[in-house]
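The block underneath contains the structure these notes are about, expressed in structure tokens.
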Amino acid sequence: MNSAYLTPVFIRLKLSLLRNGLRQSSGRRAAYIASIVVTLLFAALQLIGLIALRGNDHAESVVVLLTAVLALGWAVMPLFFPSGDETLDPTRLVMLPLRPGPLVRALLAASLVGIGPLFTLCLTVGSAIALSHGAVALLVSVVAVPLTLLVCVALARAVAAANIRLLTSRKGRDLALLSGLVIAVGIQVVNFGAQRLGHAGGLSALDPVAGIVRWLPPASAIGAVDSASEGSYAPAVGQLGLSAAALLLVLRSWQRSLTKLMTTPDGSTLAAASEPTRKESTTGFHRLLPEGRTSTVMQRSLRYVWRDPKTKAAWVTALAIGLIVPLFNALQGTGSIYFACFAAGMLGIQMYNQFGQDTSAFWMVALTISSTRDAYVELRARALALLVITLPYTALVTVLTAAVLGDWQALPEVVGLSFALLGAMLATGAVASARFPYSIPQDSAYKNVAPGQGGLAWISIFGGMISAALLCAPVIALTIWLHAANAQSALWLLLPGGTAYGLLIGWAGVRVAAPQTAGRLPEILAAVSKG
């Protein structure tokens, strides 16, 4: 099919996918409309802020670095948070009689339809306005703005096409766990850099880095606008040429990836299929577990953490953020030892949607639950499996934070607070798993919630977190009272008191959730099998 006819077809297809997706449920439609409103509002504020930089001595440094960060986000975020955009998966088109060249052009045009490209367009337009002075610079902006947008979008699609087989294979999806670590570290690095920037004399500290980045595509296209404003026309042409060359290289790489996808079989699972089955070990750690159903459930839960890519990714993200947030703040000298409680909060989230982690295989678990007692043992064992990891990890993070800050006196009370918070989150997580289960799709490396169940996920996690904070109120109030009364010698009592309270509230939550789980098995099974 000729690209002149193919491009309009793909644009209409993209619009149809968006329209049909919104028709699935009113909740999804409301969420999409809300996301559009928030994105447009944020983009408008960014646009106004960039325009306000016009005439500032350091405007070029700010907008050039902003463009570079924006391009980096386009390159990596579609692999981590594609928001269920199935057009990222070109393997769905391999059976169609299409040539890679026209297909690249059609997909590129269709990719320009969406919230992300609109947001990027607003930022690039604002960046160009902030730097353009004179008629020549305005003409350069007319070229630089669409060129920057095309490089960003093409880069995202090229990276996705090059890695789609890796990410959709079972072993390849296992690499997605690194995304949580990368994002957690990246957020803290940005935070650390912003604070250092404030101590380094303001925006002038950006000038040396911006001087290099302005020659890196696609930031070089925005840098060309500044060069043209200063009368440096030859460098402006060179910077535009660099971005144009980068666009051609990205499109060529994208086309090669599509050609490979369309002409080679998917052998990502051949090696796995040929591997001999290994006999499961029943020695070592497994011998320490209680006998019966408790041991079986705990082993199953811990194997999910180790083997299931999505479960492992969630755990790695929680472990990384739970350690990085308190330590980075402590290293910056702005943190508090109480930040260590963040680790307990991040790990406690793993108790939510316990049955959704089983996906459609939950029916085998459901067959073994015939009474409230069975449900209680099931939930208790899952909570114990989490405690095997969370208890020592929470204590370790608190000790490291205390060591960095040198605040050893507050260590017992913070450990007690963390254990109380962990117990509260186990309690609310057990109830949320029974009341608000949702499916985690396994046929896509990108989706973590089935379409139409986003509201359930929000209620389960955020509602449970708020409830856990309320359940911890007695321990928090006791801590505040002891400090207000200057009873420093009694603060150590928070360690055994918080630990005992956490165990009690966690046990109570499991007891409350057990009859709800036993009575709602058909509803839970239907919810977790939806995706």
Side-chain angles (χ1 to χ4, degrees), residues 180-181 183-185 187-188 191 305 311 313-330 334-354 357 382-402 404-405 410-433 436 448 457-480 494-495 497-510 513:
L181 183 61
I183 294 169
V185 173
I187 292 174
Q188 290 303 313
N191 180 35
V305 175
T311 304
W315 271 95
V316 169
T317 302
L319 292 170
I321 297 179
L323 176 65
I324 290 172
V325 168
L327 284 187
F328 263 59
N329 283 277
T334 59
S336 166
I337 190 173
Y338 291 100
F339 275 39
C341 296
F342 193 78
M346 289 300 302
L347 296 182
I349 294 176
Q350 307 309 312
M351 184 64 186
Y352 294 83
N353 197 35
Q354 277 292 305
Q357 297 177 12
R382 291 177 184 245
L384 289 174
L386 264 67
L387 290 176
V388 168
I389 302 174
T390 55
L391 282 179
Y393 180 82
T394 300
L396 175 63
V397 171
T398 309
V399 170
L400 291 176
T401 306
V404 173
L405 294 173
L411 178 62
E413 61 179 284
V414 176
V415 173
L417 279 171
S418 297
F419 286 169
L421 176 61
L422 183 59
M425 296 200 73
L426 292 179
T428 57
V431 175
S433 296
F436 307 106
N448 288 317
W458 282 92
I459 294 174
S460 174
I461 296 176
F462 289 96
M465 292 172 64
I466 294 173
S467 301
L470 294 176
L471 289 176
C472 283
V475 181
I476 297 174
L478 177 60
T479 305
I480 296 174
L494 288 171
L495 175 56
T499 303
Y501 183 82
L503 290 174
L504 177 63
I505 203 70
W507 169 82
V510 171

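What's counted below: heavy atoms across the whole structure, side chains too, no hydrogens, waters or symmetry copies.
For T428, the side-chain hydrogen bond (donor to acceptor under 3.5 Å, both in side chains) criterion is met by Y352, not counting sequence neighbours. W315 meets the side-chain hydrogen bond (donor to acceptor under 3.5 Å, both in side chains) test with no other residue; sequence neighbours excluded. The side-chain hydrogen bond (donor to acceptor under 3.5 Å, both in side chains) check on Y393 picks up nothing, with sequence neighbours excluded.
Atom OG1 of T394 and atom CG of L323 lie 11.0 Å apart (nearest 0.5 Å). The CD1 atom of I476 sits 7.5 Å away from the CG atom of L421 when rounded to the nearest 0.5 Å. In this structure, the separation between CD1 on I466 and CG on L471 is 12.0 Å, given to the nearest 0.5 Å.
Contact check for L417 versus Y338: side-chain heavy atoms found under the 4.5 Å cut-off. You'll find the side chain of T499 reaches within 4.5 Å of the side chain of L495, heavy atoms only. Between L426 and V510, every side-chain heavy-atom pair lies at or beyond the 4.5 Å cut-off.
Between the side chain of S433 and the main chain of M351, a donor-acceptor pair closer than 3.5 Å is present.
A468 approaches A424 most closely through the heavy-atom pair O-CB, 3.6 Å.
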* Checking side chain to side chain contact (heavy atoms under 4.5 Å, CB included) for the pair V397/F342: CA distance, chi angles, key distance, verdict? -> CA-CA 9 Å; V397 171; F342 193 78; over 6 Å; no

